[in-house]
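Below is one structure, written out as structure tokens; the observations come after it.
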Amino acid sequence: MKETSLRSISVFWALTLILSGCGGDEIVDNPAPTPTPPPPPTEIETPKPPSLPPSDLETPKPTPTSSPTTEPAPTPTPTPTPKPPDREGIEIGSVSEIEGDITCRQTGGILAYAETDRYSIYICSDPNDSTQPRYYRSFNRDGTPGLTLEATDYNPRQMRYFEFKNGDYTYLLQIPTGATPNPTLTVILPDGSTVEEPIRRYLAK
């Protein structure tokens, strides 16, 4: 009985020692470390353009270019009809201004008309040729009778004047031209002296 008790005690201490060794000096084989999986690759974010308001995302519209303005062609200014040289104290015009005047009745019509301070002179044309002067008819501006002359055997048309004869008197009615800008009515007296009156108005056909 006593031997049995001793064995039991021996076994108990043996187990105690075994259990104590397991708690302190036991060498535990460390298992191979489990490899740590590498972290997933960091995704590099591509930089995005800054967000723009919807209005800024619209496709730019081309700037309208104004088409060249075509200016209308200038209206040509009518060229005025050249006027005769300025003449001192004389009015130039057309015999149409005295249309209806019957002074040259029964002739070829009024070829020219002139006025001085004292006289009104008509040069009447040939009945058979309205371009040929034949009659000289004048009236005094004071209302007294004037002259009526007819060129029967000579041509009264000269280069720059009309010439009519009345016996020893000669009447010259100058035509306004560049050479005679201030024409006169000239009367040549029998003694060769002259009397002149400036023409104030001259009308021609």
Side-chain angles (χ1 to χ4, degrees), residues 66-205:
S66 58
S67 57
T69 304
T70 303
E71 297 184 358
T75 304
T77 304
T79 304
T81 304
K83 296 182 179 180
D86 292 338
R87 297 175 175 88
E88 182 180 354
I90 181 172
E91 177 186 345
I92 304 296
S94 168
V95 293
S96 61
E97 296 178 24
I98 55 174
E99 185 177 2
D101 191 307
I102 61 173
T103 301
C104 289
R105 62 184 180 277
Q106 298 179 351
T107 71
I110 301 173
L111 190 61
Y113 170 81
E115 291 179 2
T116 69
D117 291 337
R118 294 195 300 168
Y119 305 106
S120 296
I121 303 104
Y122 294 80
I123 304 299
C124 306
S125 60
D126 191 301
N128 299 318
D129 185 355
S130 61
T131 65
Q132 178 61 34
R134 182 165 180 177
Y135 303 95
Y136 175 102
R137 295 178 179 178
S138 68
F139 297 91
N140 298 329
R141 301 294 295 275
D142 60 5
T144 58
L147 291 174
T148 297
L149 305 175
E150 180 180 0
T152 56
D153 55 357
Y154 60 92
N155 184 1
R157 185 193 295 275
Q158 303 300 316
M159 181 76 67
R160 299 188 182 96
Y161 58 90
F162 297 106
E163 178 181 285
F164 287 87
K165 296 178 180 179
N166 182 24
D168 294 332
Y169 294 82
T170 302
Y171 295 82
L172 307 178
L173 180 66
Q174 290 184 329
I175 300 171
T177 64
T180 54
N182 299 300
T184 62
L185 169 64
T186 301
V187 180
I188 302 176
L189 305 177
D191 61 3
S193 60
T194 60
V195 177
E196 293 184 353
E197 289 212 11
I199 294 175
R200 304 302 185 191
R201 185 185 184 194
Y202 186 91
L203 309 178
K205 188 173 182 179

*Would you give the length of the straight line joining atom SG of Cys124 to atom CZ of Arg137, rounded to the nearest 0.5 angstrom?*
5.0 Å
*Before accepting this row, confirm whether a basic side-chain N of the pair Arg200/Asp117 lies closer than 4.0 Å to the acidic partner's carboxylate O.*
yes
*Does the side chain of Tyr135 reach to within under 4.5 Å of the side chain of Leu149, using non-hydrogen atoms?*
no
*Is there a donor-acceptor pair under 3.5 Å between the side chain of Thr107 and the backbone N or O of Gly109?*
yes
_According to side-chain contact (heavy atoms from CB on, under 4.5 Å), who are the partners of Ser193, at least two apart in sequence or on a separate chain?_
Leu189, Asp191
*Apply the side-chain contact (heavy atoms from CB on, under 4.5 Å) test between Tyr119 and each candidate in Asp142, Leu185, Leu147; give the one that qualifies.*
Leu185
*Could you tell me which non-hydrogen atom of Pro181 sits nearest to which non-hydrogen atom of Gly178, and how far apart they are?*
CD-O, 3.6 Å
*Pairs satisfying salt bridge (charged side-chain N to carboxylate O under 4.0 Å, His left out), at least one member in residues 118-127, at least two apart*: Arg118-Glu197, Asp126-Arg134
*How would you list, by chain and number, every residue that makes a side-chain contact (heavy atoms from CB on, under 4.5 Å) with Ser125, sequence neighbours excluded?*
Leu111, Ser130
Compile the donor-acceptor pairs under 3.5 Å between side chains in residues 160-176 and protein atoms, sequence neighbours left out, one pair per line.
| residue | atom | partner | partner atom | Å |
| --- | --- | --- | --- | --- |
| Gln174 | OE1 | Thr184 | N | 3.0 |
| Gln174 | OE1 | Thr184 | OG1 | 3.3 |

What side-chain donor-acceptor pairs closer than 3.5 Å can you find for residues 90-101, not counting sequence neighbours?
| residue | atom | partner | partner atom | Å |
| --- | --- | --- | --- | --- |
| Ser94 | OG | Ser96 | N | 3.1 |
| Ser94 | OG | Ser96 | OG | 3.1 |
| Glu97 | OE1 | Arg201 | NH2 | 3.0 |
| Glu97 | OE2 | Ser94 | N | 3.4 |
| Asp101 | OD1 | Thr103 | N | 2.8 |
| Asp101 | OD1 | Thr103 | OG1 | 2.6 |
| Asp101 | OD2 | Tyr122 | OH | 2.6 |

*Identify the heavy atoms of Ile199 and Ala114 that sit nearest to each other, and give their distance.*
CG2-CB, 4.2 Å
*Close side-chain approach of Asn155 and Gln132, heavy atoms under 4.5 Å*: yes
*Considering only heavy atoms from C-beta outward, does the side chain of Ile121 approach that of Thr116 to under 4.5 Å?*
yes
*Out of curiosity, Ile123 CD1 to Arg157 CZ, how far, rounded to the nearest 0.5 Å?*
10.0 Å
*Using side chain to side chain donor-acceptor pair (under 3.5 Å) as the criterion, list what pairs up with Asp153, not counting sequence neighbours.*
none
